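I have placed the structure first, in the form of structure tokens, so that the comments after it can refer back to it.
This structure is a prediction, so every number in the text was calculated from the model and none was measured. So that the names make sense, note that chain A is the first sequence line, chain B the second, and so on, each numbered from 1.
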Amino acid sequence: MTSPLGKDLLGLERLTAEQITLILDTAEPLKEISERAIKKVPTLRGATIVNLFFEASTRTRISFEFAEKRMSADTVNVATAGSSVTKGETLVDTARNLEAMKIDMVVIRHGSSGAAQFLADRIESNVINAGDGTHEHPTQGLLDLLTLRQRWGTLKGKKVCICGDVLHSRVARSNIWGLQKMGAQVAVCGPRSLLPNAISDMGVTVFDRIEPAIEWADALNVLRLQLERMQAGYIPSLREYNRVFGVTSERLKRAREDILILHPGPMNRGVEIDSDVADGPHSVILDQVTNGVAVRMAVLYLLSGNSPRLAEAAAGGT
Amino acid sequence: MSPSQSVVLTARALERTLSRMADEIVEQNDGTDGLILVGIQRRGVQVAQRLAAVIATREGVEVPRGALDITLYRDDLQTVGPRPVVGRTEIPLTIDGMNVVIVDDVLFTGRTVRAALNELADFGRPSRVRLAVVIDRGGRELPIQPDVVGKHVEAERGDRVDVFVQEIDGRDEVILDTGKRA
Amino acid sequence: MSARDLLLKGGRVIDPSTGIDKVGDVLLRNGKIESAGEKISAPDSAEVIDCSGLVVSPGFIDVHCHLREPGREDVETIATGARAAAAGGLTAVCAMPNTDPVTDNQAAVGFVLKQGRAADAARVYPIGAISIGQKGERLAEFGEMVGAGAVAVSDDGKPVVSSQLMRTALEYARAFNIPVADHCEDPTLADGGQMNEGIVSARLGLRGIPNEAEEIMAIRDILLARRTGGHVHLCHMSTKGSVELIRWGKDRGIRVTAEACPHHLSLTEDAVEGYDTHAKMNPPLRTMADVEALREAVRDGTIDVLATDHAPHHYDEKARAFADAPNGIVGLETCLAVNITWLVKPGILSLAVLIDKMSCAPAKLFGLPGGTFARGAIGDVTVFDPTREWRVDPAAFLTKGRNTPYTGQTLTGRAVATVVAGRVVFRAN
């Protein structure tokens with residue numbers, strides 16, 4: 001009983017275009033469930049899902065929780081804010097504890113790259129990566145793809161520029177892989193101090209300045225600029241960042257008329273993106289939020305086909 | 001066609017059957033007021049569309065139609081893998097107080113209809129729900145009976161009964177395949 | 001001292017220090033080399049080991065390992081480390097001072113020596129710290145430590161950040177004629193780094209350590225060696241650029257020597273794929289271009305010695321998310337096989353050059369006895385089978401560490417007998 005996705009969803013780098021298409025195609029009809037009077041289907045009745053958040057996250061956790069509840073799963077939220085020293089120990093112990101409690105799925109958010117895989121390698125339950133360090137955030141990448149595909153019909157040949165702190169962004173990595181696999185052209189734009197040194201080896205175009213990036217792109221995915229980056233000395237100030245790299249309505253005048261603006265949130269209005277852009281006609285930021293629930297429902301549904309416990313039941317059934 | 005296959009309904013016969021079913025639906029409902037046809041994905045949707053077309057000709061009324069994909073309500077999801085493809089569900093208006101006719105191509109165990117009834121209940125509270133099927137092949141595993149039947153077919157458990165429709169299959173026909181009989 | 005003579009009979013005797021390479025016998029008497037290379041009729045009382053088909057060479061010396069005692073005896077002790085070394089064909093190891101407490105005074109040096117003698121396996125030579133507590137502030141007492149038995153100084157594990165302190169260390173070490181073993185890492189460039197900076201780190205979302213973090217300090221200390229006339233020994237070199245800088249220094253007669261480790265000569269950053277913490281080390285595994293440059297540097301003599309940087313960890317310390325796992329792998333029991341598999345088998349090094357890098361050169365550079373079959377030299381001998389294939393099974397290691405990236409791999413070359421002071425301290429089944 002193998003799910004077409006395998007046991008876990010750890011990142012988009014490992015998925016094929018067919019697998020990504022399957023998730024997006026499954027997510028489309030699931031959007032309707034959130035429009036119903038009773039926003040719930042019985043699909044995952046009796047399945048136990050643990051939302052294991054080692055890092056604070058409101059939006060992603062809520063989105064996953066809605067997705068799980070709309071699929072009728074039983075969910076438990078575990079929020080652990082550990083020091084970096086105890087993190088790893090907690091993780092291996094947590095894995096053992098979860099395994100002992102016979103849960104079906106784990107949604108994990110962790111500050112260390114590779115933490116989701118670490119867990120997936122050690123437990124039988126399905127593991128969904130809800131963001132691991134600066135590695136990947138696959139469901140965010142998928143919801144971005146879904147949002148763009150809904151607007152464009154296809155991603156083939158479309159030009160998407162990811163703007164900002166690519167170096168520290170798991171959203172950026174998931175977007176780069178997902179977009180490339182779906183046939184889009186991908187560029188990045190930001191100060192070089194916030195781009196990986198080997199970025200061009202990832203098959204993307206690099207824009208040093210935001211103006212030509214805006215002229216080039218069919219869509220901009222504007223990343224959140226963490227305040228800590230300024231404190232760590234990657235950029236001199238948030239003010240200067242906005243003046244040089246900010247996506248402003250003034251700069252958008254150079255863009256094609258139907259350019260789309262995405263942002264994974266939460267936004268720093270007036271830093272990486274100006275309010276009139278975020279709230280303006282090009283913005284699909286709220287579509288992203290809506291699509292997030294559908295994409296996560298789709299992932300839960302598709303992965304549940306590979307739960308070992310369900311597979312056991314299948315082997316015993318007719 | 002292999003020797004194990006036999007035609008249950010030809011294209012012409014299917015057309016006549018659907019016309020009669022449409023008449024029965026209108027008759028049982030005492031007209032078209034409050035009527036909505038909800039087809040079960042995939043071929044039930046096409047059958048509902050055919051029935052609506054007949055009703056439109058006879059009664060001059062466009063009966064509202066909906067579509068239900070019951071995949072997420074299946075009671076065998078725990079035992080099938082990989083996950084079946086999920087289709088679209090579309091209920092265009094509130095079904096509270098309506099007379100809903102669930103439409104499907106073949107009625108067998110009744111499990112699909114059970115799932116459809118559960119799903120329908122998540123959209124509201126119809127005043128009455130009826131069931132119309134092109135083929136009743138027997139073999140029920142749940143206490144579910146149709147109100148409108150195109151044709152009864154004597155089929156054994158391992159047999160297949162397939163309703164083919166132009167829109168999906170390129171032809172109209174109903175075939176019984178007894179190839180799995182010992 | 002062994003009461004009986006030991007005759008290693010009929011092996012291929014290779015000693016680059018005396019230019020011997022022929023099939024013959026090696027006779028040890030009173031713990032010393034009596035003769036090597038010639039056919040000898042053994043005295044009746046002698047213990048005889050049949051070495052036909054095997055190589056008999058001066059004992060291997062590892063100038064760079066971490067034995068964790070004192071402080072982390074749960075991870076390794078000097079005794080388990082010395083026995084693991086013997087099992088790997090090493091007759092002597094130099095223990096880095098980054099223990100707890102740090103080996104930064106004569107008493108601590110004496111402790112390491114004493115524990116090493118008690119182990120009764122490979123010899124253990126202490127390396128003293130450059131700075132007190134390895135804090136990079138005040139010079140440790142080199143003279144007293146050397147007097148107690150230290151063979152070099154190093155703050156390994158940590159770079160000497162202050163250029164002035166490094167200058168002073170190189171100057172001060174001259175009085176005792178010891179090398180300053182240098183951990184080259186610019187701490188600001190390497191800050192928070194988990195692996196080599198490149199496409200793999202970009203993909204995995206792990207913070208990278210650029211080659212320049214090593215190279216900047218390598219050239220700084222080569223220049224300081226030029227200024228001071230001191231002997232700088234660059235530890236665990238990992239980059240193509242470092243190789244070029246060492247070559248530059250040697251061409252100018254600067255007293256710079258360098259070591260490379262088996263893992264940097266056999267693995268690339270690709271080993272980190274899948275967040276394998278057994279591929280996490282410092283300096284990190286680099287790219288194929290770096291590996292190739294290092295191999296060439298070993299071949300042409302730019303790299304003087306092959307060391308292990310043996311760094312055992314408790315198994316659950318490596319069973320963590322990548323960023324939280326400690327650096328390092330064990331190496332004592334795999335170094336010979338890895339070096340043969342990746343350097344000798346492909347024809348990069350001859351067996352004689354391998355033996356020079358693992359025995360003669362380390363002895364010479366660190367002023368240690370051994371590394372030669374000259375008559376009267378200490379009777380430290382390694383007998384190994386350069387063609388024997390074996391599968392790496394960490395559970396069979398004598399080191400307490402199990403952290404190796406070579407698990408399950410089939411390697412070629414294995415120690416058959418390890419002889420220290422004329423006595424067999426390890427014998428393979």
Contacting region of R122(A) [heavy-atom separation from chain C under 4.5 Å]: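 Looking at R122(A), just its side chain touches chain C.
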
Chain A contact via R203(C) - which portion, at a heavy-atom distance below 4.5 Å: both

Whether R173(A) side chain and A202(C) backbone form a donor-acceptor pair below 3.5 Å: yes

Interatomic distance, L10(A) atom CG to Y275(C) atom OH [nearest 0.5 angstrom]: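 The distance works out to 9.5 Å.
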
Spacing of F118(A) atom CZ and R320(C) atom CZ [to the nearest 0.5 Å]: 9.5 Å

Contact summary for I199(C) and D201(A), nearest pair of heavy atoms: CD1-CB, 3.6 Å

Residue, of G198(C), P210(C), A323(C), G274(C), that accumulates the most heavy atom pairs under 4.5 Å with chain A: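 The answer is G274(C).
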
Minimum side-chain heavy-atom gap S113(A)-L204(C) below 4.5 Å: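 No, side chains not in contact.
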
Atom NZ of K318(C) with >12 non-hydrogen neighbours under 6.0 angstrom: yes

Atom CZ of R247(C): over 12 foreign heavy atoms under 6.0 Å: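 Yes, the 6.0 Å shell around CZ holds more than 12 heavy atoms from other groups.
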
